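Only one structure is covered here, and it is reproduced in the block below.
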Amino acid sequence: MFSHCEFAFLQAKMEAGGCAPSAIAAFESTYGSLVSGDSGMILEDSIAPVPQLDKTAELDIAPNATLLAETVVLKLNGGLGTGMGLDKAKSLLPVKGDDTFLDLTAKQVIQMRKEYGLNVKFMLMNSFSTSDDTLSFLSSKYPDLASEEGLEMMQNKVPKLNAETLEV
C-alpha cells in the first residue's frame, strides 16, 4: 500500500475543490489500487458465461405501470464534453429542430407523467461543468421540472494524474 503522505496532497486538492469526504475516500481506494499495480482489468480466462438466461418472451409478468411511481429517470449529464472542446453540456446541443437532447428527455418525463398519472422522479447527474447551464436551461423552458427537489446529483472532481508518473 502507499503511505498516507503520498495521498495527502491529492486529498488537500480535493478538499479545496469541495469534494465530499466519501468521494475522497473512494478516490483514495482507487489511487491505492493504481499505485499497487492493479490494472482493474478482469482477465478473460477468469470469467464464464451465464449458464442459462430466462427468455423474455417466456416470462409470465404482467405489466404494472404503478411501479413508475417508484421509478427514477436518471440521466448522466456531465462528463467528457469539456474534453471534446464543448463549453456547455452536450445535452444542450440541438438534435431535432430547435429541440436539444435535454428537451427530448424533459418532454419524455412530462409525457410519462401525463400518460400514467404518476410522478415519475427525474434526476440529472451533472458535473461541475454542466450544472449551471443545465439548470438555467431547465428553469427557462421547464420551470416545473427545474423546481423539483433532488433534481441534481453532482459528480465529484478527482485530480488528473499523469499516467506514467502519477503526478498531478
Side-chain angles (χ1 to χ4, degrees), residues 4 6-35 40-42 61 63-163 165-168:
H4 185 70
E6 293 175 34
F7 187 76
F9 174 75
L10 299 173
Q11 179 176 348
K13 187 172 180 69
M14 292 178 77
E15 287 171 349
C19 291
S22 57
I24 296 170
F27 184 70
E28 183 174 18
S29 175
T30 303
Y31 179 78
S33 294
L34 175 67
V35 298
M41 298 294 291
I42 299 173
I61 300 173
N64 183 355
T66 62
L67 292 175
L68 288 172
E70 301 173 34
T71 301
V72 175
V73 174
L74 175 63
K75 294 291 184 173
L76 176 60
N77 194 54
L80 302 181
T82 52
M84 295 169 54
L86 298 176
D87 59 355
K88 62 182 176 184
K90 293 185 302 284
S91 63
L92 299 179
L93 294 172
V95 290
K96 184 177 181 186
D98 291 332
D99 282 344
T100 66
F101 285 111
L102 192 53
D103 279 307
L104 299 178
T105 300
K107 289 176 181 182
Q108 179 185 36
V109 170
I110 292 166
Q111 180 58 36
M112 283 191 326
R113 289 176 177 181
K114 284 180 186 173
E115 186 174 333
Y116 295 103
L118 298 166
N119 188 25
V120 178
K121 178 76 177 140
F122 177 49
M123 289 184 76
L124 293 168
M125 179 183 259
N126 276 331
S127 70
F128 290 90
S129 300
T130 60
S131 178
D132 290 343
D133 55 356
T134 298
L135 296 179
S136 175
F137 176 87
L138 285 174
S139 293
S140 68
K141 289 190 82 173
Y142 306 97
D144 290 342
L145 283 179
S147 65
E148 291 180 2
E149 186 176 335
L151 172 66
E152 181 177 61
M153 178 174 31
M154 288 292 279
Q155 298 174 34
N156 280 295
K157 296 178 183 179
V158 295
K160 291 185 179 181
L161 303 176
N162 180 300
T165 65
L166 301 183
E167 293 176 352
V168 179

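Remember, predicted model here, so these are calculated numbers, not experimental data. We use all heavy atoms of the structure for the numbers below, so side chains are in, but hydrogens, waters and symmetry mates are not.
By the 6.0 Å contact criterion, CZ on Phe128 is enclosed, its count of non-hydrogen atoms from other residues, nucleotides or ligands being greater than 12.
In terms of heavy-atom proximity, Leu92 sits nearest to Phe137 at CD2-CG, 3.5 Å. In this structure, Met14 and Ala23 approach most closely via the heavy-atom pair CE-O, 3.9 Å.
Pairs of residues two or more places apart, or lying in two chains, that qualify as salt bridge (charged side-chain N to carboxylate O under 4.0 Å, His left out) and include a residue from residues 112-133 are Arg113-Glu148.
Every side-chain contact (heavy atoms from CB on, under 4.5 Å) that Leu74 has, sequence neighbours left out, goes to Val72, Met123, Met125, Met153. Here Ile61 pairs with Leu59 under the side-chain contact (heavy atoms from CB on, under 4.5 Å) rule; sequence neighbours left out. Taking the side-chain hydrogen bond (donor to acceptor under 3.5 Å, both in side chains) definition, one finds that Gln108 meets it with nothing, sequence neighbours left out. A search for side-chain contact (heavy atoms from CB on, under 4.5 Å) contacts involving Ser127 returns Ser129, Thr130, Gln155, not counting sequence neighbours. Residues meeting the side-chain hydrogen bond (donor to acceptor under 3.5 Å, both in side chains) test with Thr66, sequence neighbours left out: Asn64. Annotation: side-chain contact (heavy atoms from CB on, under 4.5 Å) contacts of Thr165 (sequence neighbours excluded): Asn162, Glu167.
Using a 4.5 Å cut-off on side-chain heavy atoms (C-beta onward), Met112 and Leu118 make no contact. The side-chain heavy atoms of Leu10 and Ile24, taken from C-beta on, include no pair separated by under 4.5 Å.
Here the straight-line distance linking atom CG of Asn77 with atom OG1 of Thr134 works out to 4.0 Å at 0.5 Å rounding. The line from CG of Leu76 to CG of Leu124 is 9.5 Å long, rounded to the nearest 0.5 Å.
The closest donor-acceptor contact from the side chain of Ser147 to the backbone of Asp144 lies under 3.5 Å. Formation of a donor-acceptor pair under 3.5 Å by the Thr71 side chain with backbone atoms of Leu67 is found in this model.
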Return all side-chain donor-acceptor pairs below 3.5 angstrom for residues 97-106, not counting sequence neighbours, or 'none' if the list is empty.
residue	atom	partner	partner atom	Å
Asp99	OD1	Lys107	NZ	3.0
Asp99	OD2	Lys107	NZ	2.9
Thr100	OG1	Ser91	O	3.4
Thr100	OG1	Leu102	N	3.2
Thr100	OG1	Asp103	N	3.0
Thr100	OG1	Asp103	OD2	3.2
Asp103	OD1	Lys141	NZ	2.9
Asp103	OD1	Tyr142	OH	2.6
Asp103	OD2	Thr100	N	2.9
Asp103	OD2	Lys141	NZ	3.2
Thr105	OG1	Phe101	O	3.2

Show the numbers, then the answer: is there a side chain to side chain contact (heavy atoms under 4.5 Å, CB included) between Leu151 and Leu135? CA-CA 9 Å; Leu151 172 66; Leu135 296 179; 3.8 Å; yes

